[in-house]
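Heads up: the structure comes next, in C-alpha cells.
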Amino acid sequence: MSQLTVAVVVGSIRKESFNKQFAEALVKQFPADVKPQFIRIDDLPLYDQDSDAQPPAPTVARLRQEIKAADGVLFVTPEYNRSIPGVLKNAIDQASRPWGQSVWAGKPAAVLGVSVGAIGTALAQQHLRNVLAYLAMPTLAGHETFIQWKEGLVENGAIGSASKEFVQGFVDAFVAWVKQHQQA
Ligand code: FNR
C-alpha cells in the first residue's frame, strides 16, 4: 500500500501547548501507512495582499509546498475568544493565495481541539469549518471531537488509557476519509 502524508496544523504556537501535546500523542495512533507532517506556522509573516504580486517569503513558500504535497490535513486548534487563534488564520490565509492558487482546495480535512474550558473548542471548530468550506476542503463530519484538557489525557507522550479508544475511532474515520479522497 502506498504511503500517505497528513499535514498536521496545530493552532497554538505556545511551547507547552496542550493542543500540540495532544496532536503529537494522537499521531502515534496513525496506521503505519500514514505519515504525519507537523506544519510550522510560527515563523510566517502576516498576510499582506500586496505580497501576492511578489515571490513568496521562504517560510510561506515552504508552507504552500508542504500543504500541496499532503494527502490530507488535520487541524488541531485551541479556542481563542470563541474563534480560532490569529496565527492559525494567518497560516490559512497565506496558503490560500494568490487568488486561484490556493493549496487547500480539495484536500480532505478534519478538525479537533483541546481547551481548558468545558465546551472544548466547539465554537472555534465551527468557525474553522466555515473557513474550510469556503476553501473547498471536504471536512470530516459526524466525528465531532471537543476535548477538555485534564490530567491523564496525555501520559508519557501517548493518549491516556481512558481516551485511547475514542481517539482511535476518530483516527480511523479520518484516515478512511483521506483514503476515500485519493485520486486514482
Ligand atoms: C483562551 N482560552 C479559551 N478557552 C476556551 O475554551 N474558549 C475561549 O474562547 C478561550 N479564549 C482564550 C483566548 C485567549 C487569548 C487565550 C490565551 C486563551 C483558554 C485556552 O483554552 C487555553 O489557554 C489553552 O491552553 C490554549 O491552548 P494551548 O495553547 O494549550 O494549545
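Just so you know, ligand 1 is whichever comes first in the structure, and atom 1 is the first atom listed for that ligand.
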Qualifying residues under side chain to side chain contact (heavy atoms under 4.5 Å, CB included), relative to Q49, sequence neighbours excluded: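 Applying side chain to side chain contact (heavy atoms under 4.5 Å, CB included) to Q49 gives Y47, D52, R97.
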Which donor-acceptor pairs under 3.5 Å do the side chains of residues 142-151 make with protein atoms, sequence neighbours left out?
residue	atom	partner	partner atom	Å
T145	OG1	H143	O	2.9
Q148	NE2	V116	O	3.2

Using modelled atom types and a 3.5 Å cut-off, is there a donor and acceptor pairing between side-chain atoms of S51 and backbone atoms of D48?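 Yes; judged by distance alone, with no hydrogens or angles, the pair exists.
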Flag, side chain of R129 to backbone of A110, donor-acceptor distance under 3.5 Å: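 Not confirmed, R129 side chain does not pair with A110 backbone.
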Run through ligand 1 for me and note each protein residue having a heavy atom under 4.0 Å from it, chain first, then residue number.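 Ligand 1 pocket, heavy atoms under 4.0 Å: S12, R14, S17, F18, N19, P78, E79, Y80, N81, R82, S115, V116, G117.
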Pairs under 3.5 angstrom only: tabulate donor-acceptor contacts from the side chains of residues 7-28 to other protein residues two or more places apart or in another chain.
residue	atom	partner	partner atom	Å
S12	OG	R14	N	3.2
S12	OG	S17	OG	3.4
R14	NH2	E16	O	3.3
S17	OG	N19	N	3.1
S17	OG	K20	N	2.9
N19	OD1	V114	N	2.8
N19	ND2	V114	O	3.0
Q21	NE2	E16	O	2.9
K28	NZ	G157	O	2.8

Assess whether a salt bridge exists between K107 and D71, defined as any Lys/Arg side-chain N lying under 4.0 Å from an Asp/Glu carboxylate O.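 A salt bridge is absent here (no side-chain N lies under 4.0 Å from a carboxylate O).
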